[in-house]
There are 2 protein chains.
Amino acid sequence: MGDVFKALADPTRRTILDELADRDDQTLFEICSRLLTKHQLDSTRQAISQHLDVLEAAGLIDVRREGRYKLHSINRGPLEHIVDRWLDRS
Amino acid sequence: MGDVFKALADPTRRTILDELADRDDQTLFEICSRLLTKHQLDSTRQAISQHLDVLEAAGLIDVRREGRYKLHSINRGPLEHIVDRWLDRS
DNA sequence: TTGACATGCAAGTAGTGACTTGCCTATCAT
DNA sequence: ATGATAGGCAAGTCACTACTTGCATGTCAA
């Protein structure tokens, strides 16, 4: 089980979450191209793949295989209460 | 202006925030001793001091000088909405 | 004023993390 | 079957970060 806070510490990973929040079930290549066109992030496929591994280990994304495609979706569960640790949401 | 997410990425810094959430206006030495007794973290004073610098740069703690004491308090402001980026709190 | 206490500064070290590089496996269309 | 597409694995590089170490500054009590 990975660390949610450490997963969120990287700006590229946060941008990946932004894209997955905008559209579910994206493949690795879709994410790469959207990062490039919409955010000028020209990271390599392997770099993004490793970011996705970190996000998955932290439970922040769900992964589903569909033939030769691997579809990624955001999982907002871990985000729900991580900050309530210091906030009294009364 | 530091990165709030990066500041939260370190477990020791999160524990410091826990202690400051429990009691405001603590000095560096108070924080050190509470980390040791309550959390078995035997970090040096300098290490904790640098963590406090990071937390302050991120706006997560407020600092007030009182004579030779430097009093630290939690600032929950940056925590309020950092996660709303991906959550629709309707 | 002097010693004790609370903190500051800065250079160095070691481990971690993001990224690259090169090659390999798997699936699909033709 | 074969080429093209989508993804996986693993070793290596480089920069950053947490931590240490040693000394310096500032404040207070006596």
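Protein chains get the first letters and strands the later ones, always in sequence-line order, with residue 1 at the start of each.
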Are B:Leu28 and B:Lys70 close enough that some pair of their side-chain heavy atoms sits under 4.5 Å apart?
no
Any chance you could measure A:Gln50, atom CD, to A:Thr44, atom OG1, to the nearest 0.5 Å?
7.5 Å
In terms of hydrophobic clustering (I, L, V, M, F, W, Y; side-chain heavy atoms under 4.5 Å; direct or indirect links), are A:Val4 and B:Leu8 co-clustered?
yes
B:Asp53 CG to D:dT17 P: how many Å, rounded?
14 Å
A:Glu19 and A:Ile31, any side-chain heavy atoms less than 4.5 Å apart:
no
Side-chain donor/acceptor of A:Thr37 to backbone N/O of A:Ser33, under 3.5 Å:
yes
Could you check whether any side-chain heavy atom of B:Leu41 comes within less than 4.5 Å of a side-chain heavy atom of B:Leu36, counting everything from C-beta outward?
no
Give the first and the last nucleotide of DNA chain C, reading 5' to 3', that has any atom under 4.0 Å from a heavy atom of chain A.
C:dG17 to C:dC28
Quick one, A:Leu71 and A:Gln26 - any side-chain contact, counting heavy atoms below 4.5 Å?
no
Just checking, any donor-acceptor pair under 3.5 angstrom between side chains of B:Ser73 and B:Asp62?
no
Indicate, with yes or no, if A:Leu60 and A:Ile74 share a hydrophobic cluster defined by side-chain heavy-atom contacts under 4.5 Å among Ile, Leu, Val, Met, Phe, Trp and Tyr.
yes
Judged by each residue's nearest nucleotide on DNA chain C, which is more toward the 5′ side, B:Lys70 or A:Val54?
B:Lys70
Chi angles and distances behind the side-chain contact (heavy atoms from CB on, under 4.5 Å) call for B:Arg13, B:Val54:
CA-CA 9 Å; B:Arg13 283 198 288 269; B:Val54 174; 3.8 Å; yes
A:His72 NE2 to D:dG8 C1', in whole Å, measures 12 Å
Taking side chain as C-beta onward, heavy atoms only, is A:Ile61 less than 4.5 Å from A:Leu17?
yes
Which letter, B, S or -, goes with each nucleotide of nucleotides 19-30 of chain D from 5' to 3', with contact meaning a protein heavy atom under 4.0 Å?
BBBB----BS--
Enter the inter-axis angle for the ends of the helix from C:dT1-D:dA30 to C:dT30-D:dA1 (five pairs per end, rounded to 10°).
30°
What residues, two or more places apart in sequence or in another chain, satisfy salt bridge (Lys or Arg N to Asp or Glu O under 4.0 Å) together with A:Asp84?
A:Arg89
Could you work out, with salt bridge (Lys or Arg N to Asp or Glu O under 4.0 Å) as the rule, every residue matching A:Asp3, not counting sequence neighbours?
B:Arg14
Looking at DNA chain D, which of residues 29-41 of chain A put a heavy atom within less than 4.0 Å of it?
A:Phe29
